[in-house]
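Written out below as structure tokens is the structure these notes cover.
Chain identifiers are assigned alphabetically (A, B, ...) following the order of the sequence lines, protein sequences preceding nucleic acid strands; residue numbering begins at 1 within each chain.
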Amino acid sequence: MTEVSVAKEDVAATGDLVVLKSVNKHFGALHVLQDIDLTIARGEVVVVIGPSGSGKSTLCRTINRLESIDSGAITIDGKPLPDEGRELARLRADVGMVFQSFNLFAHKTVLENVMLGQVKVRKADKKQAEEKARALLDRVGVGTQADKYPAQLSGGQQQRVAIARALAMDPKVMLFDEPTSALDPEMINEVLEVMQQLARDGMTMIVVTHEMGFARSAANRVVFMADGRIVEQSAPDQFFSNPRSDRAKDFLSKILHH
Amino acid sequence: MFDFLEGYDLLGAFWTTVQLTLLSAVGSLIWGTLLAAMRVGPVPLMRGFATAYVNIVRNIPLTVIILFSSLGLYSTLNITMGSEVVKTSNFRLAVLGLMLYTAAFVCEALRSGINTVPVGQAEAARALGLNFTQVLGLVVLPQAFRAAVGPLTNVLIALTKNTTVAAAIGVAEAAYLMKEMVENEAQLVLISAIIAVGFCCLTLPTGLFLGWVAKKVAVKR
């Protein structure tokens with residue numbers, strides 16, 4: 001059912017890392033993504049916000065083809081997303097993904113979680129993979145937990161491990177699908193801090209979130225989605241102080257004033 | 001009281017039972033795992049095959065499968081499983097039949113194990129760039145097996161007792177010996193009791209040990 005057409009003009013200019021062109025997707029009768037056009041430049045941090053059911057998570061998941069699309073085209077670093085198979089696996093390795101529910105491998109230690117992709121996909125040497133994993137775990141502040149199992153960690157710690165696991169692949173772009181939505185309030189900040197540091201380091205990031213504070217402080221651009229469409233996109237200052245569309249005004253009035 | 005046992009190779013018969021059980025267990029574990037992999041795999045043809053296999057094989061009485069191994073494969077098609085000796089040939093055909101039958105149940109036990117692994121973990125593995133075989137082999141199956149130890153124990157115990165059907169094609173295991181003794185001796189109750197206790201000696205420790213293993217390897221979530 002998936003048909004990803006590839007036109008010449010879709011090949012991105014050097015600055016554009018992720019390009020979506022008139023992407024459509026249905027879940028049965030529900031038209032969940034409607035003619036989405038979105039271009040993300042190298043090093044850009046794009047925050048996607050919007051009400052539940054607006055298609056933000058689906059948008060995020062189409063970028064590494066965890067969800068297939070019905071029509072349109074998605075290119076990453078100039079290459080169109082291939083069909084399921086070896087090519088797609090290779091491309092996914094370059095796209096880091098962090099999930100709402102962490103999704104750490106429950107039967108492997110924290111360290112093994114971060115090493116797995118390096119060893120099995122990148123074919124890295126075990127010793128080097130371990131060194132890198134430990135360095136990354138230190139970087140996200142869970143270095144001392146390396147030998148524990150995911151279930152022994154708090155939600156915030158698990159999510160930071162998940163970020164380290166994605167970073168271990170040296171991704172070109174990182175996708176965050178509501179990374180703090182499953183966390184207790186006091187653990188949200190430790191995850192956001194790691195993400196902010198990543199943004200400062202120049203990582204290209206697409207972040208689906210309800211954290212408006214993060215959108216304000218770390219985003220280059222805010223994309224507002226509603227009912228499967230991109231309604232509005234602009235710089236965070238402009239979006240939060242002076243939204244243009246009524247839909248965005250309505251959304252912001254509901255979440256900002258209490 | 002047990003004098004009549006002289007002249008019968010009780011231990012030898014139970015040893016045959018153990019051999020039948022172990023060989024079929026290993027074979028059905030491998031074949032059942034492959035079937036389970038096919039059932040959750042992305043290829044529609046394989047999914048269809050495995051689903052059809054499980055639904056057909058588990059609904060045929062084992063006796064029919066074992067008799068077919070002997071009468072169909074051996075007598076009609078002359079498939080001897082690499083041995084010209086009838087005794088050996090029958091033993092191997094029995095293992096084959098038991099294996100093909102039990103694999104259907106192993107597949108379903110494993111599939112219930114696979115269902116305990118959160119789908120998000122498979123997605124995370126795919127997002128890292130692992131291919132289907134790696135996702136299954138490195139992330140899903142290791143957790144599925146741990147969750148399936150309990151159900152697989154049931155399958156193994158059932159298999160141990162199912163080996164008695166091999167008597168139907170003349171494999172000299174415990175039930176075959178029992179039939180022989182019942183024909184020749186008068187102590188019917190005692191004979192049945194001895195065979196029953198013998199099977200309990202095989203299956204009870206298996207159940208206790210694997211129950212302990214199941215607890216030990218359980219994945220904490």
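- Contact of Arg61(A) with chain B is made through the side chain alone, with heavy-atom distances under 4.5 Å.
- Ranked by heavy-atom pairs under 4.5 Å with chain B, the first of Leu175(A), Val121(A), Leu116(A) is Val121(A).
- Ion pairing between Arg139(A) and Asp201(A) holds under the 4.0 Å rule for side-chain N and carboxylate O.
- Contact annotation for Leu104(A): only backbone heavy atoms (N, CA, C, O) come within less than 4.5 Å of a heavy atom of chain B.
- Taking each heavy atom of Leu137(A) and Ala146(A) in turn, the nearest pair found is CD1-CB, 4.0 Å.
- Salt bridge annotation for Lys56(A)-Asp177(A): absent, with no cationic side-chain nitrogen under 4.0 angstrom from a carboxylate oxygen.
- Put simply, the side chain of Arg92(A) gets close to the backbone of Arg65(A): a donor and an acceptor are under 3.5 Å apart.
- Each of Phe105(A), Tyr149(A), Phe102(A) has some count of heavy-atom pairs under 4.5 Å with chain B, and the biggest count is that of Phe105(A).
- Contact annotation for Val219(B): only side-chain heavy atoms (C-beta onward) come within less than 4.5 Å of a heavy atom of chain A.
- Residues Thr39(A) and Asp16(A) bring no donor and acceptor atom of their side chains to less than 3.5 Å of each other.
- Contact of Ala125(B) with chain A is made through backbone and side chain together, with heavy-atom distances under 4.5 Å.
- Among all heavy-atom pairs drawn from Gln143(B) and Ala106(A), the shortest one is OE1-CB, 3.6 Å.
- Of all the listed residues (Leu128(B), Val117(B), Val119(B)), the one sharing the greatest number of non-hydrogen pairs under 4.5 Å with chain A is Leu128(B).
- For Glu123(B), the parts lying near chain A are the backbone and the side chain together; criterion is any non-hydrogen pair under 4.5 Å.
- Of the listed residues (Ala151(A), Ala168(A), Gly117(A)), the greatest number of heavy-atom pairs within a distance under 4.5 Å of chain B belongs to Ala151(A).
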>> Run the salt bridge (Lys or Arg N to Asp or Glu O under 4.0 Å) test on Glu131(A) and Lys126(A) for me, step by step, so that the C-alpha distance in whole Å, both residues' side-chain angles and the decisive distance to 0.1 Å come before the verdict.
In response: CA-CA 9 Å; Glu131(A) 255 169 52; Lys126(A) 269 222 171 114; over 6 Å; no
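- Put simply, the side chain of Leu66(A) reaches to within 4.5 Å of the side chain of Phe99(A), judged on heavy atoms.
- Contact count against chain B (heavy-atom pairs under 4.5 Å) is highest for Lys120(A) among Lys120(A), Met97(A), Met169(A).
- Residue Gln118(A) does not touch chain B at all, counting heavy-atom pairs closer than 4.5 Å.
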